[in-house]
A.B. asks: 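The structure follows.
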Amino acid sequence: MEALTGAAEACQIRSKLHRADSRPVEWRIFDAPLDYETALAMMDERVAAIAAGTANEAVWLLEHPALYTAGTSARPEDLLNPRFPVYPAGRGGQYTYHGPGQRVVYVMLDLTQRGRDIRCLVQGLEQWVIDTLAAHNITGERRDGRVGVWVQRPEKGFGREDKIAAIGVRVRKWITFHGLSLNVAPDLGHYNGIVPCGITDQGVTSFEDMGILLSMPEVDSVLRAQFEALFGPTLVL
């Protein structure tokens, strides 16, 4: 995904991304791993319903079976070893990995109610991850030219940074879909089959890799609290 954010272009996230009517966003957690193609079909259906005014905004939290996805900027040479199924994602970005131990979050918001600013949306998603990490005493940072959230790893070498969360969004009729993935405790060796997000000089990490052992429900609880601080109330159905 192209770099849509930068320090010089910061928006007033909390004011701009809140709905004026404070209508809650449906918050759903899937208990079992969800097939990727099934998830995409469900998401397409929900986005169409939100655009038609027949469904509320939604955030879905889930895990996928091990797989690789190719964004619209994916380069064939970055698929090093297709040990898992590879799916075209239809989102921005390049290759990434999804699998057990990673929290995937699909975000379906109506930007006609939230400022109609895609750059601000991406900054909001980044800030959501940064605030979630901060609640666990991890300093997450943005990097110009690199979408996602990064943590400094000086113990791995001078200037070393690892990516802990990937962000890739798409907007149709001002409704967002796809979203982000946050590494809780995935098998990081599975990233070796791709060049993650086209970046060769840095690595990937997770809560577990940084010595922080958390259950997925513990992470989900903080994600919900930090989402509400940025985007407004949620409702579990």
A.B. asks: Please name all residues satisfying side-chain hydrogen bond (donor to acceptor under 3.5 Å, both in side chains) with Arg116, sequence neighbours left out, ordered by chain then number.
C.D. replies: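 Not a single residue meets the side-chain hydrogen bond (donor to acceptor under 3.5 Å, both in side chains) criterion with Arg116.
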A.B. asks: Do Thr234 and Arg224 touch side chain to side chain, with heavy atoms closer than 4.5 Å?
C.D. replies: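 Counting from C-beta outward, Thr234 and Arg224 do come under 4.5 Å.
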A.B. asks: Is it true that Val105 and Leu111 fall in one hydrophobic cluster, defined by side-chain heavy atoms closer than 4.5 Å?
C.D. replies: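 Same cluster.
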A.B. asks: Please report the interatomic distance CD1(Ile212) to OG1(Thr205), rounded to the nearest 0.5 Å.
C.D. replies: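 It is 9.0 Å, given to the nearest 0.5 Å.
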A.B. asks: Give me the atom names and distance for the closest heavy-atom approach of Arg83 to Gly193.
C.D. replies: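 Minimum heavy-atom separation between Arg83 and Gly193: NH2-N, 3.6 Å.
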A.B. asks: Can you name the residues that form a ring-ring contact (aromatic ring centres under 6.0 Å, His included) with His18, not counting sequence neighbours?
C.D. replies: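 For His18 there are no ring-ring contact (aromatic ring centres under 6.0 Å, His included) partners, ignoring immediate neighbours.
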A.B. asks: Minimum heavy-atom separation for Pro186 and Ser206, please, with both atom names.
C.D. replies: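 Of all heavy-atom pairs spanning Pro186 and Ser206, the closest is CD-CB, 3.8 Å.
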A.B. asks: If you measure from CG on Leu34 to CE on Met42, what distance do you get to the nearest 0.5 Å?
C.D. replies: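 Separation between the atoms: 5.5 Å.
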A.B. asks: So do Val25 and Leu235 actually touch side chain to side chain, heavy atoms under 4.5 Å?
C.D. replies: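 The answer is no; the side chains never approach within 4.5 Å.
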A.B. asks: For Asp117, check side-chain hydrogen bond (donor to acceptor under 3.5 Å, both in side chains) against everything at least two apart and list the hits.
C.D. replies: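 Asp117: side-chain hydrogen bond (donor to acceptor under 3.5 Å, both in side chains) contacts with Lys16.
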A.B. asks: Between Gln94 and Arg75, does the side chain to side chain contact (heavy atoms under 4.5 Å, CB included) criterion hold? Intermediate values first, please.
C.D. replies: CA-CA 7 Å; Gln94 300 184 40; Arg75 300 174 299 194; 3.7 Å; yes
A.B. asks: Treating Gln152 as the side-chain partner and Gly159 as the backbone partner, does any N or O pair qualify as donor plus acceptor under 3.5 Å?
C.D. replies: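 Not a single qualifying donor-acceptor pair exists.
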A.B. asks: Roughly how far, to the nearest 0.5 Å, is CZ of Arg143 from CD of Gln202?
C.D. replies: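 Between Gln202 CD and Arg143 CZ, I get 9.0 Å after rounding to 0.5 Å.
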A.B. asks: Can you tell me if Thr176 uses its side chain to pair, donor with acceptor, with the backbone of Leu109 under 3.5 Å?
C.D. replies: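 Here the side-chain-to-backbone pair exists.
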A.B. asks: Give every residue pair that meets the ring-ring contact (aromatic ring centres under 6.0 Å, His included) criterion with at least one member in residues 138-189, sequence neighbours excluded.
C.D. replies: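 Of all non-adjacent pairs touching residues 138-189, none passes ring-ring contact (aromatic ring centres under 6.0 Å, His included).
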A.B. asks: Go through it in stages, so that I can follow the logic: the residues are Glu77 and Val195, the test is side chain to side chain contact (heavy atoms under 4.5 Å, CB included), and I'd like the CA-CA distance, side-chain angles, deciding distance and then a yes or no.
C.D. replies: CA-CA 9 Å; Glu77 62 269 25; Val195 178; over 6 Å; no
A.B. asks: For a quick test of reading the model, state the closest non-hydrogen atom pair linking Pro65 to Pro100 and the distance between them.
C.D. replies: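 Heavy atoms only, the tightest pair is C-CD, 4.2 Å.
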A.B. asks: Of the non-hydrogen atoms in Ala165 and Leu182, which two are nearest, and what is the gap between them?
C.D. replies: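 Taking Ala165 first and Leu182 second, the nearest heavy atoms are CB-CD1, 4.0 Å.
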A.B. asks: Just to verify, what does Asp131 make a side-chain hydrogen bond (donor to acceptor under 3.5 Å, both in side chains) with, not counting sequence neighbours?
C.D. replies: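 Applying side-chain hydrogen bond (donor to acceptor under 3.5 Å, both in side chains) to Asp131 gives Arg14, Gln127.
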A.B. asks: Count I, L, V, M, F, W, Y as connected when their side-chain heavy atoms are under 4.5 Å apart, and connections chain through other members. Are Met210 and Leu133 then in the same cluster?
C.D. replies: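 Yes; tracing contacts between hydrophobic side chains, which count when under 4.5 Å, links both residues.
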A.B. asks: We want to know whether Glu63 and Gln102 form a side-chain donor-acceptor pair, criterion being a heavy-atom distance below 3.5 angstrom.
C.D. replies: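 There is no such pair between these side chains.
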A.B. asks: Tell me whether Leu121 shares a hydrophobic cluster with Val59, the cluster being built from Ile, Leu, Val, Met, Phe, Trp, Tyr side chains joined at under 4.5 Å.
C.D. replies: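 They do share one cluster, since a chain of ILVMFWY contacts under 4.5 Å joins Leu121 to Val59.
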A.B. asks: If only atom types and distance count, is the side chain of Ser15 paired as donor or acceptor with the main-chain N or O of Gln12 below 3.5 Å?
C.D. replies: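 The answer is yes, because a donor-acceptor pair under 3.5 Å joins these two groups.
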A.B. asks: Please report the shortest heavy-atom distance between Leu17 and Gly124, naming the atom on each side.
C.D. replies: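 The answer is CD1-CA, 3.8 Å.
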A.B. asks: Return the OG to NZ distance between Ser181 and Lys163, rounded to the nearest 0.5 Å.
C.D. replies: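 Interatomic distance, Ser181 OG to Lys163 NZ, rounded to 0.5 Å: 8.0 Å.
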A.B. asks: With a cutoff of under 4.5 Å between side-chain heavy atoms, which Ile, Leu, Val, Met, Phe, Trp and Tyr residues group with Tyr68?
C.D. replies: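 Result for Tyr68 is Leu79, Phe84, Val86, Tyr95, Tyr97, Leu188, Tyr191, Ile194, Val204.
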A.B. asks: What is the ring orientation for Phe207 with His136, classed by angle as parallel under 30°, tilted 30 to 60°, or perpendicular over 60°?
C.D. replies: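 The rings of Phe207 and His136 stand perpendicular, inter-plane angle above 60°.
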A.B. asks: Where do Leu80 and Asp78 land on the side chain to side chain contact (heavy atoms under 4.5 Å, CB included) test, with the steps shown first?
C.D. replies: CA-CA 6 Å; Leu80 306 177; Asp78 287 346; 5.8 Å; no
A.B. asks: How close do Gln226 and Ala135 get, counting heavy atoms only, and between which atoms?
C.D. replies: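 Answer, listing the atom of Gln226 first, then Ala135: NE2-CB, 4.5 Å.
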A.B. asks: Under the ring-ring contact (aromatic ring centres under 6.0 Å, His included) rule, what pairs show up with a residue in residues 215-237, not counting sequence neighbours?
C.D. replies: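 The answer is Trp27-Phe227, Trp128-Phe227, Phe227-Phe231.
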A.B. asks: Go through the structure and list residues passing side-chain hydrogen bond (donor to acceptor under 3.5 Å, both in side chains) with Arg160, not counting sequence neighbours.
C.D. replies: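 Arg160 satisfies side-chain hydrogen bond (donor to acceptor under 3.5 Å, both in side chains) with Asp162 once adjacent residues are dropped.
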A.B. asks: Throw together a table of side-chain donor-acceptor distances under 3.5 angstrom for residues 45-58, partners on residues two or more places apart or in other chains.
C.D. replies:
unit_1 : atom_1 : unit_2 : atom_2 : d
Arg46  : NE     : Asn56  : O      : 3.1
Arg46  : NH2    : Glu26  : OE1    : 2.8
Arg46  : NH2    : Asn56  : O      : 3.0
Thr54  : OG1    : Ala49  : O      : 3.2
Glu57  : OE1    : Arg19  : NH1    : 3.4
Glu57  : OE1    : Arg114 : NH2    : 2.8
Glu57  : OE2    : Asp110 : N      : 2.7
Glu57  : OE2    : Arg114 : NE     : 2.9

A.B. asks: Could you tell me whether the side chain of Thr132 reaches within less than 4.5 Å of the side chain of Ile130, counting heavy atoms only?
C.D. replies: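 No. Closest side-chain heavy atoms not under 4.5 Å.
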A.B. asks: Will you find, in the side chains of Glu218 and Ser215, an N or O donor that is under 3.5 Å from an N or O acceptor?
C.D. replies: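 There is such a pair between these side chains.
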A.B. asks: Same hydrophobic cluster for Leu62 and Val219, using side-chain heavy-atom links shorter than 4.5 Å among ILVMFWY?
C.D. replies: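 Leu62 and Val219: separate clusters.
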A.B. asks: When you group the ILVMFWY residues by side-chain heavy-atom contacts below 4.5 Å and let the links chain together, are Val171 and Ile13 in the same group?
C.D. replies: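 As far as the 4.5 Å side-chain criterion goes, Val171 and Ile13 are connected within one cluster.
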A.B. asks: Roughly how far apart are Arg103 CZ and His64 NE2, rounded to 0.5 Å?
C.D. replies: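 Rounded to the nearest 0.5 Å, the CZ-NE2 separation comes to 10.5 Å.
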A.B. asks: Which Ile, Leu, Val, Met, Phe, Trp or Tyr residues join Leu213 in one cluster when any pair of side-chain heavy atoms under 4.5 Å counts as a link?
C.D. replies: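 Noted: Leu213 shares its cluster with no other residue.
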A.B. asks: Please determine whether side chain to side chain contact (heavy atoms under 4.5 Å, CB included) holds for the pair Asp220 and Ile29, giving the CA-CA distance in whole Å, both sets of side-chain angles, and the decisive distance to 0.1 Å.
C.D. replies: CA-CA 9 Å; Asp220 291 344; Ile29 299 174; 3.8 Å; yes
A.B. asks: Run through the side-chain heavy atoms of Ile, Leu, Val, Met, Phe, Trp and Tyr, join any pair under 4.5 Å, and report what else lands in Val222's cluster.
C.D. replies: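 Result for Val222 is none, singleton.
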A.B. asks: Applying salt bridge (charged side-chain N to carboxylate O under 4.0 Å, His left out), can you list everything that pairs with Asp209, at least two apart in sequence or on another chain?
C.D. replies: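 Listed in chain order: Arg153, Lys156.
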A.B. asks: Find the distance between CZ (Arg170) and CD1 (Ile175) and round it off to the nearest 0.5 Å.
C.D. replies: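 CD1 of Ile175 is found 13.5 Å from CZ of Arg170.
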